[in-house]
There are 2 protein chains.
Amino acid sequence: MEKEKKYCYEYPRPALTTDCVIFGFDGLELKVLLIERGIEPYKGRWAFPGGFVQMNETTEEGAKRELEEEAGLKNVFIEQLYTFSDVHRDPRGRVVSVAYYALVNLKEHPATAGDDAKKAQWFSIKKIPSLAFDHEKIFRMAMLRIKGKIRYQPIGFELLPEKFTLSELQYLYEAILEIKLDKRNFRKKIKKMNLLIELDEKQQNVQHKAASFYQFDKQKYEELLHKGFNFEI
Amino acid sequence: MEKEKKYCYEYPRPALTTDCVIFGFDGLELKVLLIERGIEPYKGRWAFPGGFVQMNETTEEGAKRELEEEAGLKNVFIEQLYTFSDVHRDPRGRVVSVAYYALVNLKEHPATAGDDAKKAQWFSIKKIPSLAFDHEKIFRMAMLRIKGKIRYQPIGFELLPEKFTLSELQYLYEAILEIKLDKRNFRKKIKKMNLLIELDEKQQNVQHKAASFYQFDKQKYEELLHKGFNFEI
DNA sequence: ATTTTCTGGTGTATTTTTTACACTTTGCTC
DNA sequence: GAGCAAAGTGTAAAAAATACACCAGAAAAT
C-alpha cells in the first residue's frame, strides 16, 4: 500500500535536506566523518550525515540536529557551505540540499556514533572512499572553503583541544593547506597576531623536550573581528 | 473557492525560491536593481527580483530565469550567495530562499524592466529604500561578499563595459570597497597583474586629456585561475 | 591667442612584510 | 653519559606596500 500523502500544495516542491561535512583533526591528519548508508539508494556507500529539514527549524538548526542524531556531536562550529540543487542529484526525486561544514576537536569526540545505530567512521581526507549522491562534489567544495577560510580567520582553533602546542597548530595548518610551512616563520606570524596565551603548563610523558601549551584568546579575537582584521598565514 | 492543491507529499515541504541581488556600476556609483512589489505581502515595497524554483531547473537556472523575466537580463555573471531559511522570513508560510548575486554592466543594461510589467529601478547602494521580507539582510550579505571577492578575483570587469579606462576601473574599486585608493599605486598593481590589454583607442568628446581604453584579457585570466593566483588590490 | 580648468599619466625613496635558512636546548631512553 | 627527538630561537636579503607631486594635453573661458 502506498503511504499516505497528506501534505498538499498548489505547485510541486522539491524536498529540502541538509548535509554536513564534519572535519576533525587528530594531531596528524585532517579527517571527515562519514556514515555508511543502511538503505537504498546507495546502500552500503559512505555519505556525509544529513537529513530532511523540518518545518519549524532553519537549515542550520536542521544540520545541527542531524549532527547530534547521527554523529553525537553538540555545540560545534558550523557554517553554511553551499546549496546543491542539480535536478538529478538524488535518484528518489527532486531533492535540494543545503550543505554545511563543521569543525570539531577529534580528541574530545572520538570514534563516535550517534543515537542512530548507523555506522560512522573518520576517514583521512587523503583516503576518502567512493561517496553516495553528489557528496564528492560537496567534499571538494568543503575542502576549497576550509583552505580559503583558514588563511584569514582563525577557525583552526575549533579543530584543536583547548590546550595545544605550537607544533600541533602548525601541523593542522599543514594538513589543511596540504603544504609544508617553515617553523620559524610560522611561529613569528602566529605570535604577532597576539591571539595566543602561553600557559605555564608543559607537555608530559613525551620522550623529548616538552613543548609549552598555548590557549586561544577568544576575547581578543572577538575584538579584532569587529574592527576587521586579517589572519594570513 | 480554494485553489486546487494537487501536489501531495508524505511530509511537509518548505517552498523554495531564489532571490538575486543585481549589482550595476554606472561609472560613478555602485547600484542594485530593485522591483516594486505589486501584490501582498509587502505590496508597494521594494525587493530583489526572485521567484519560485521549478522542478526541472537548478536554483541557479531559476535565478537566471527570473533575472531575464523580471529584469530583462541575459548572460550575466551570477554566483550563489547564501541560503536564507528563517522560519518566519515570509508571512505566507515556510519559504526557503537561495540567494544569488549578479554583476552587470549598467551602461549596456539601462533603466530596464523585463517582460513582466513590474516597476524596476536602480538604486545607489548608499540610498537603499526599506525592503520587503529579509531582503535587507540579503543585501548586507551581498555587500560583504562582493567586497571580499573583488580583492582576490577580477570580478570587477563584469561590471564595466568591454572597453574602459583605468580611472573607471579605479572608481569601481573605490565604489565597491567604499574607500579611496592611490592612483599611482592602483595602476602599478593593476599593470603588474598583466590582465589588461591597452587598446589604440582613446576617449572622445571629453573636455580634458583623453584616456586610453583598456580591455580585460580573459584568456590570461583563465590560465591564471587554473594555476591559482591572487588578485589583491 | 592666452589662460584656466580638468583629468590623464608617470617614478622614486622609505617602510613593512615575507622569505630563506641552521644551530642550541631539553628531557627522555638505552 | 651517549644518543635521540622535537622544542625553541634570530638575522640578512628580497619583495611588496606605501606615501607622495608634477607635467601633459584637450577643451572652455576670457
What is the distance, to the nearest angstrom, from the NE2 atom on B:His208 to the C1' atom on C:dT7?
5 Å

Atom pair distance, as rounded to whole Å: CD in A:Gln203 and C1' in C:dT26
12 Å

Grab the CG-C1' distance between B:Asp182 and C:dT10 for me, whole Å please.
12 Å

Rounded to the nearest Å, what distance is computed from the CD1 atom of residue B:Ile190 to the C1' atom of nucleotide C:dG9?
15 Å

Go through DNA chain D in 5' to 3' direction and return only the first and the last nucleotide with some atom under 4.0 Å of chain B's heavy atoms.
D:dT18 to D:dA28

Minimum-distance nucleotide to B:Lys183 side chain [options: C:dT25, C:dG8, C:dC28]
C:dG8

Nearest to the side chain of B:Arg187, heavy atoms from C-beta on, is which of C:dT10, C:dT7, C:dT19?
C:dT10

Answer with base, sugar-phosphate or nothing: what part of the nucleic acid does A:Thr165 contact at a heavy-atom distance below 4.0 Å?
nothing

Report the distance from atom CZ of A:Phe186 to atom P of C:dT19, rounded to the nearest whole Å.
14 Å

A:Lys202 or A:Gln207: which one's nearest nucleotide on DNA chain D is closer to the 5' end?
A:Gln207

Does C:dG9 have OP1 or OP2 sitting under 4.0 Å from an N or O in the side chain of B:Ser212?
yes

When rounded to the nearest 0.5 angstrom, what distance separates CG in B:Leu81 from OG1 in B:Thr83?
8.5 Å

Ion pair present between B:Lys126 and B:Glu29, side-chain N to carboxylate O less than 4.0 angstrom?
no

Between atom CZ in A:Arg184 and atom C1' in C:dA20, what is the gap in whole Å?
8 Å

Salt bridge between B:Glu69 and B:Arg65, side-chain N to carboxylate O under 4.0 Å?
yes

For B:Asn185 and C:dA13, what is the distance between atoms CG and C1' respectively, to the nearest whole Å?
13 Å

Judged by nearest nucleotide, the residue sitting upstream toward the 5' end of DNA chain D, A:Ala210 or B:Lys209, is A:Ala210

Could you tell me whether A:Glu232 atom CD has more than 12 heavy atoms of other residues or ligands within 6.0 Å of it?
yes

What about A:Lys188, does its side chain sit under 3.5 Å from the base of C:dT19 through a donor-acceptor pair?
yes

Could you tell me whether B:Arg89 and B:Asp19 make a salt bridge, using a distance below 4.0 angstrom between a side-chain N and a carboxylate O?
yes

Does B:Lys107 come within less than 4.0 Å of B:Asp26, counting only side-chain N to carboxylate O?
no

On the nucleotide C:dG8, are OP1 or OP2 found under 4.0 Å from the side-chain N or O atoms that B:Ser167 carries?
yes

Checking all strands, does A:Lys191 fall into the base, sugar-phosphate, or nothing category for heavy-atom contacts under 4.0 angstrom?
sugar-phosphate

Can you tell me if NZ on B:Lys149 sees more than 12 non-hydrogen neighbours from other groups inside 6.0 Å?
yes

